[in-house]
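Just so you know, residue 1 is the first one in the sequence shown, and it goes up from there. Scope of the values below: all heavy atoms of this structure, side chains included, with no hydrogens, waters or symmetry mates.
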Amino acid sequence: MFQTFGPEDFLSSRCIWVNGPVIVGAGPSGLAVGAGLKNQGVPFIILERANCIASLWQKKTYNRLKLHLPKKFCQLPNFPFPEDFPEYPTKFQFISYLESYAKHFDINPHFNETVQSAKYDETFGLWRVKTISTGGPNAIGVEYICRWLVVATGENAEKVAPEFEGLQDFGGHVTHACDYKSGQSYSGERVLVVGCGNSGMEVSLDLCNHNANPSMVVRSSVHVLPREVFGKSTFELAVSMMKWLPLWLVDKIMLILAHLILGNTEKYGLKRPCMGPLELKNTAGKTPVLDIGALDKIRSGEIKIVPGIKKFSRGRVELVNGQTLEVDSVILATGYRSNVPSWLKDDELFSEEGIPKKPFPNGWKGKSGVYAVGFTRRGLSGASSDAICVAHDIAKCWKEETKHKKTSMDPRHRRCISHF
């Protein structure tokens, strides 16, 4: 069942039997599943390629970031936010909350372990998860053998950085939004921000606040909504209306309210899609922008809206309308993608894009004991919903199997270390 190691590899490779699920990813999704399993008494391990929990939040986000939705929609199962946290916690408060969550449920991930592959062995009915552990002085190959696999790496595991003609000749500073922390180092510069989603808008706003001169590339249509409507969260209002009204009507109401509060955004170069914001989110996963101040800067001209990019040259960018801009730096706010297809082998749960084929709320469970958490395109509330389902389902199976079978190792497994 297991790969054969040569004498030179034997001391640097390990095989570990896990009497429970292996969870890949120690972000909010993985932690939420772990907490649910802890409450049910089910053993598990969490594998995390970084050296900390929630590495996307800790290492790949800008300093001014706050949760876009009220905290009650972002808390993980069985552990509310502290009462003294604001309605929209900061990035640093959210990280503190996640660390408290892991401590409260005594969750201790295996850090610095990168999953190379995960494959289901049909002969034995088990998952083989191969990793490279870099936590010590030497890299170690580890193979985990388990009955259940939880994929919790999320929709945003890898940055998307499109190629542009001439970018290698640009000469200025080029970075992805995942490496952007603050506009302080861009003061006085002409900065091209590529992308007009929530990240592009907030990076542009932050640049303005640090006396930079941003131009934001808006290549396609985008929905911009107020974060709050008459003092109430726009998201909360939409959720409330959807209990009673069809989605198309909620979309129509939201756009009317957005027009009343924000005015006509199209005259500033922000053309709205034909499809409503909620329908677009559900069908294409495209999140509407919740405005927190960028629109005022666009109206005043402090953030300039420009069309798509044709090509770069030394210190310049030529746009598709023939206009040429002189630019000092470029920030790619071009989003993220799932990395599941690069390591999960022979699985029918995920599409080629690394997203579950079945839409929410039915995409959390596949065949052969594989599960998905954090791929709902519904943020932290969707991840929590899936985590509850996954933990409950695994706990039910685990208890049935341990009740009817004595835990035993097949003779072929004897070279494995039992983790529990």
Tell me whether K38 at atom NZ has more than 12 heavy atoms from other residues, nucleotides or ligands lying less than 6.0 Å away.
yes

So, does E353 use its side chain to make a donor-acceptor pair with the main chain of I355 at under 3.5 Å?
no

Crowding at CD, E266 (>12 non-hydrogen neighbours, <6.0 Å)
yes

Any salt bridge between R128 and E143, counting N to O under 4.0 Å?
yes

Decide if atom NZ of K271 counts as having more than 12 heavy atoms of other residues, nucleotides or ligands within a radius under 6.0 Å.
no

Could you work out, with ring-ring contact (aromatic ring centres under 6.0 Å, His included) as the rule, every residue matching W343, not counting sequence neighbours?
none

Output yes when a side-chain donor or acceptor of E113 lies under 3.5 Å from a complementary backbone atom of H110, and no otherwise.
no

Side-chain (S338) to main-chain (E155) donor-acceptor, under 3.5 angstrom:
no

Using atom types as modelled and distance alone, determine if a side-chain donor or acceptor of T402 lies under 3.5 Å from a backbone N or O of K399.
yes

Separation between CD1 (I394) and SG (C389), nearest 0.5 Å, reads 11.5 Å

OG of S204 to CG of N213, rounded to nearest 0.5 Å, is 11.5 Å

Smallest heavy-atom separation, L332 atom then A161 atom, equals CD1-CB, 4.3 Å

F81 vs F94 aromatic rings, parallel, tilted or perpendicular, using cut-offs 30° and 60°?
tilted

Please check this pair: side chain of S187 against backbone of Q184, looking for a donor-acceptor N/O pair closer than 3.5 Å.
no

Backbone N or O of L319 within a donor-acceptor pair of the K311 side chain at under 3.5 Å?
no

Ring-ring centroid check Y97 F79, cutoff 6.0 Å:
yes

More than 12 heavy atoms of other residues, nucleotides or ligands under 6.0 Å from NZ of K281: yes or no?
yes

Using side chain to side chain donor-acceptor pair (under 3.5 Å), reason through K59 and N51 one step at a time and then give a plain yes or no.
CA-CA 10 Å; K59 299 186 176 187; N51 62 357; 2.7 Å; yes

Nearest heavy-atom neighbours spanning G183 and L207:
CA-CD2, 4.0 Å

Approximate separation, where rounding is to 0.5 Å, of H223 NE2 and R272 CZ
6.5 Å

Partners passing side chain to side chain contact (heavy atoms under 4.5 Å, CB included) against Y62 (at least two apart in sequence or in another chain):
R64, L65, Y180, S199, E202, V203

Does a sphere of radius 6.0 Å around NZ in K345 hold more than 12 heavy atoms from other residues, nucleotides or ligands, not counting ones at 6.0 Å or beyond?
yes

Derivation of the side-chain contact (heavy atoms from CB on, under 4.5 Å) call for I145 and W127:
CA-CA 6 Å; I145 310 300; W127 282 92; over 6 Å; no

Above 12 or not: heavy atoms from other molecules or residues under 6.0 Å from CD of E122?
no

Distance in Å, I305 CD1 paired with M216 CE, rounded so as to fall on 0.5 Å steps:
3.5 Å

Give me the atom names and distance for the closest heavy-atom approach of C146 to V22.
SG-CG2, 3.6 Å

List the atom of T376, the atom of G382, and the distance in Å for their closest heavy-atom pair.
OG1-CA, 3.5 Å

Side-chain donor-acceptor pairs under 3.5 Å in residues 246-258, sequence neighbours left out?
from: D251; atom 1: OD1; to: L278; atom 2: N; distance (Å): 2.8
from: D251; atom 1: OD2; to: E279; atom 2: N; distance (Å): 3.1

OG1 (T265) and CG (D291) are apart, to the nearest 0.5 Å, by 10.0 Å

Determine the minimum heavy-atom distance between G269 and V218, stating which atoms define it.
O-CG1, 3.8 Å

Please identify each residue that fulfils ring-ring contact (aromatic ring centres under 6.0 Å, His included) with Y371, with sequence neighbours left out.
none

Between H176 and Y336, is the gap from one ring center to the other below 6.0 Å?
yes

Can you tell me if R219 has over 12 outside heavy atoms packed within less than 6.0 Å of its CZ?
no

Does K72 reach the main-chain N or O of L69 with its side chain, forming a donor-acceptor pair under 3.5 Å?
no

Rounding to 0.5 Å, atoms OG (S384) and CZ (F73) come to a distance of 12.5 Å

Looking at E326 and R316, is any side-chain nitrogen of the basic one under 4.0 Å from a carboxylate oxygen of the acidic one?
yes

Mind jotting down which residue pairs meet the salt bridge (Lys or Arg N to Asp or Glu O under 4.0 Å) criterion with at least one end in residues 82-104? Sequence neighbours excluded, please.
none

salt_bridge(D169, R314) N-O dist < 4.0 Å:
no

Counting only N and O atoms by type, is there a donor-acceptor contact under 3.5 Å from the side chain of E48 to the main-chain atoms of A26?
yes

Going by the angle between their ring planes, with limits at 30° and 60°, are F375 and F350 parallel, tilted or perpendicular?
perpendicular

If you measure from the Lys or Arg side-chain nitrogens to the Asp or Glu carboxylate oxygens, is any gap between D393 and K396 under 4.0 Å?
no

Considering all heavy atoms, the nearest Q168-F164 contact:
OE1-O, 4.3 Å

Criterion side chain to side chain donor-acceptor pair (under 3.5 Å) on N282 and R378, from CA distance to verdict
CA-CA 9 Å; N282 287 350; R378 282 167 172 76; 2.9 Å; yes

Check ion pair E158-R49 (N to O, under 4.0 angstrom)
yes

With Y88, which residues qualify under ring-ring contact (aromatic ring centres under 6.0 Å, His included), at least two apart?
none

Do the side chain of T234 and the main chain of P226 share a donor and acceptor less than 3.5 angstrom apart?
yes

Do other residues, nucleotides or ligands put more than 12 heavy atoms under 6.0 Å from K286 NZ?
yes

Using atom types as modelled and distance alone, determine if a side-chain donor or acceptor of K365 lies under 3.5 Å from a backbone N or O of V370.
no

